[in-house]
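Presented below is the structure to which this report refers.
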Amino acid sequence: MRYVSTRGEAAPRGFDSVLLAGLAEDGGLFVPESWPVFSLAEWRALRGLPYAELAARIMAPFMCGESIDFAHLQRFCRDAYRSFVHPAVVPLVQLDRSLFALELFHGPTLAFKDLALQIAGRLFDHVLNVRGSRVTVVGATSGDTGSAAISACRDRARVDIVILHPAGRTSEVQRRQMTTVLSSNVLNVAIEGNFDDCQDLVKAMFSDAPFRESMRLTAINSINWARIAGQIPYFAAAALALGAPDREVAVAVPTGNFGNVLAAWVAKQMGLPISQFIVASNSNDILRRFLASNDMSVAQVVETASPSMDIQVSSNFERLLFEFLGRDASATAEIMKRFRASGRMAVPDSVWTAIRREFKGFSLDDPSTLTEIASIYAACGYQADPHTAIGIAAARATAPVGMPVIAVATAHPAKFPETMYKALGVYPGLPSTFSDLYSLPERLSSAPVDLAEVKQLVRQFSNRNDR
Ligand SMILES: *Cc1c(COP(=O)(O)O)cnc(C)c1O
């Protein structure tokens with residue numbers, strides 16, 4: 001499979017380089033040159049496979065061909081999903097006659113990002129090993145996503161990882177999920193500032209070209225195609241379980257950067273009859289406004305009880321825009337450039353109308369999210385975390401009547417104990433794999449909001465074995 005950039009200026013290339021590059025040099029995002037399509041018979045043959053095997057077969061057309069062959073991919077999937085505590089890996093729980101929660105939170109950090117990141121970490125290690133090279137993954141977290149990246153990279157021979165978090169501003173569970181990983185290739189830095197300070201420090205390190213190159217800095221963020229590819233299989237698994245490819249289904253996805261819902265849309269391009277994509281947001285509702293009235297304008301981010309969706313620009317939307325513009329890269333580049341400059345995206349009306357035929361928007365503010373958590377629990381005894389509850393509310397409000405709808409459950413309720421307590425009056429139990437979280441020793445460095453000092457920490461860490 002070859003990949004092209006949505007902005008058309010970067011040279012097409014294979015999966016290995018796309019994996020290591022993340023973003024294309026022209027500022028665009030990589031997409032496959034064409035969509036691999038499975039026949040109805042091929043889809044039916046995937047029903048009932050163990051999840052790891054299903055995942056390897058669905059990801060193979062995107063990843064195999066250069067240094068990764070199918071046997072490697074099978075091994076990465078088996079290893080990655082062995083660390084999940086549920087034997088089904090991604091169990092489907094029925095909440096109502098045609099409403100199902102697809103639980104994506106049984107991985108090592110209890111969030112759906114584990115599904116793709118646990119694969120991505122192994123792919124990085126493999127490709128770097130073949131190339132005889134190393135990288136330092138650098139990222140900032142407000143608390144929720146850092147642990148998934150750390151868990152994916154820990155103990156990988158070719159990868160070091162440095163994660164900055166704002167000191168004292170993450171929850172204790174979030175901090176401990178990161179700082180109790182004592183692997184020698186993991187560095188946690190508590191920054192004496194807020195999340196924006198952490199992000200600015202990371203950006204400044206990446207824009208310092210000599211530093212970036214000498215430290216071989218890289219990111220494994222959600223614009224990396226490997227992350228999208230790793231999220232396609234669970235949509236397929238759920239759709240197959242509910243009767244696809246012989247029956248239509250809808251999906252409802254709590255959305256931030258648009259990566260997860262885009263993966264569902266890719267599953268449709270591969271031949272699954274997913275007829276509707278319900279995009280669920282919190283009060284940061286840029287996508288709902290776009291789908292309602294073609295108003296994609298950036299607003300101030302507000303903090304909510306569903307922090308992983310507190311986003312103003314959904315980066316992966318660019319991939320969908322590129323497709324709906326008929327893969328016209330120069331039109332995509334032009335629209336994105338003007339969006340960057342003006343904060344408002346000018347999507348042609350015909351394109352907007354076409355997107356609206358498949359995508360529905362929905363948003364819920366915090367008070368209604370708490371009410372929704374309580375009413376889901378009252379109706380069927382199910383504890384939905386705040387992100388999941390918004391997706392379920394969206395499914396109820398907009399799903400086509402009679403069609404099975406898959407609402408993705410993106411985080412374990414135990415990750416948001418205070419909100420769950422407010423909604424239900426009880427604390428969710430922490431899964432048994434987490435029972436020692438409060439007794440394990442922690443390791444972390446700290447630094448002021450000072451670029452020179454943070455760079456020095458990264459340098460020392462990266463050179464610790466005189467590599
Ligand atoms: C990251 C995340 C989301 C948003 O997913 P995107 O792919 O960025 O749209 C939703 N819920 C939770 C719990 C997350 O961690």
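With hydrogens and angles ignored, the 3.5 Å screen pairs no side-chain donor or acceptor of S368 with any backbone N or O of L364. With hydrogens and angles disregarded, no donor-acceptor distance shorter than 3.5 Å links the side chain of R288 to the backbone of S363. For D96 (side chain) and S98 (main-chain N/O), no donor-acceptor pair under 3.5 Å exists by modelled atom type. Proximity of a side-chain donor or acceptor of R2 to a complementary backbone N or O of P12 within less than 3.5 Å is detected. At least one donor-acceptor pair under 3.5 Å links the side chain of R13 to the backbone N or O of A11. Of the possible donor and acceptor atoms, none in the side chain of N284 sits under 3.5 Å from a partner among the backbone N and O of Q312. S147 places no side-chain N or O within donor-acceptor distance of the main-chain N or O of T109, the cut-off being under 3.5 Å. One N or O on the side chain of T353 and one on the backbone of D349 form a donor-acceptor pair closer than 3.5 Å. Not one N or O on the side chain of R44 forms a donor-acceptor pair closer than 3.5 Å with the backbone of L240. Side chain of W35 to main chain of G271: no donor-acceptor pair is present (N/O by atom type, distance under 3.5 Å, no hydrogens or angles).
Looking only at atom types and distance, the side chain of Q231 has no donor-acceptor partner in the side chain of R227 under 3.5 Å away. Side-chain contact check for T179 and N188: no donor-acceptor pair (N or O, by modelled atom type) lies under 3.5 Å. S293 and D295 form no side-chain donor-acceptor contact under 3.5 Å, judged by distance and modelled atom types alone. Remark: the S314 side chain and the N316 side chain contain no N/O donor-acceptor pair separated by less than 3.5 Å.
Side-chain contact between F324 and V347 is absent, with no heavy atoms from C-beta onward closer than 4.5 Å. Between V173 and K415 there is no side-chain heavy-atom pair separated by less than 4.5 Å. Counting only heavy atoms from C-beta outward, the side chains of I191 and V189 approach each other to under 4.5 Å. Looking only at side-chain heavy atoms (C-beta outward), F15 and I68 come within less than 4.5 Å of each other. Within the 4.5 Å cutoff, no side-chain heavy atoms of T304 are placed close to those of M309. No side-chain heavy atom of V162 sits less than 4.5 Å from a side-chain heavy atom of V137. Using a 4.5 Å heavy-atom cutoff, the side chains of M296 and R344 are not in contact. Inter-residue side-chain proximity for N282 and D365 is flagged as unmet; no heavy-atom pair is nearer than 4.5 Å.
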Candidate pair E53 and R57, rule salt bridge (Lys or Arg N to Asp or Glu O under 4.0 Å), full reasoning: CA-CA 6 Å; E53 179 64 20; R57 294 202 197 175; 2.8 Å; yes
Derivation and outcome, side-chain contact (heavy atoms from CB on, under 4.5 Å), residues H106 and V90: CA-CA 7 Å; H106 296 284; V90 289; over 6 Å; no
Verdict with reasoning, T255 to L287, per side-chain contact (heavy atoms from CB on, under 4.5 Å): CA-CA 9 Å; T255 296; L287 291 166; 3.6 Å; yes
Residue pair Y234, Y51: steps toward the ring pair (Phe, Tyr, Trp, His ring centres under 6.0 Å) verdict: CA-CA 8 Å; Y234 49 75; Y51 185 74; 7.2 Å; no
Intermediate values then yes/no, side-chain contact (heavy atoms from CB on, under 4.5 Å), F359 and V261: CA-CA 10 Å; F359 290 82; V261 70; 4.1 Å; yes
Stepwise salt bridge (Lys or Arg N to Asp or Glu O under 4.0 Å) test for R47 and D246: CA-CA 12 Å; R47 282 188 188 139; D246 305 299; 2.8 Å; yes
side-chain contact (heavy atoms from CB on, under 4.5 Å) between I161 and V138, worked out: CA-CA 6 Å; I161 179 165; V138 175; over 6 Å; no
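Residue E42 places its CD atom among more than 12 non-hydrogen atoms of other residues, nucleotides or ligands, all under 6.0 Å distant. Counting heavy atoms of neighbouring residues, nucleotides and ligands inside a 6.0 Å radius, atom CZ of F38 exceeds 12 of them. Annotation for R340: atom CZ does not count as buried by contact number, only 12 or fewer foreign heavy atoms lying within 6.0 Å. Counting heavy-atom neighbours within 6.0 Å of E9 CD, excluding the residue itself, gives a total of 12 or less. Counting non-hydrogen atoms of neighbouring residues, nucleotides and ligands closer than 6.0 angstrom, the OH atom of Y427 exceeds 12 such neighbours.
Comment: E323 engages R327 in a salt bridge, judged by a side-chain N to carboxylate O separation of less than 4.0 angstrom. A salt bridge links K268 with E358: at least one charged nitrogen is closer than 4.0 Å to a carboxylate oxygen. A salt bridge does not link R7 with D26: every distance from a Lys NZ or Arg NE/NH1/NH2 to an Asp or Glu carboxylate oxygen is 4.0 Å or more.
For the side-chain contact (heavy atoms from CB on, under 4.5 Å) criterion with R319, the lone passing option out of T332, V266, V31 is V31. When T6, L321, L29 are each tested for a side-chain contact (heavy atoms from CB on, under 4.5 Å) with M336, only one passes: L321.
The CG atom of L164 sits 10.0 Å away from the CZ atom of F195 when rounded to the nearest 0.5 Å. Atom-to-atom distance recorded for R169:CZ and N194:CG is 5.0 Å, nearest 0.5 angstrom.
Aromatic ring centres of H387 and F416: separated by under 6.0 Å.
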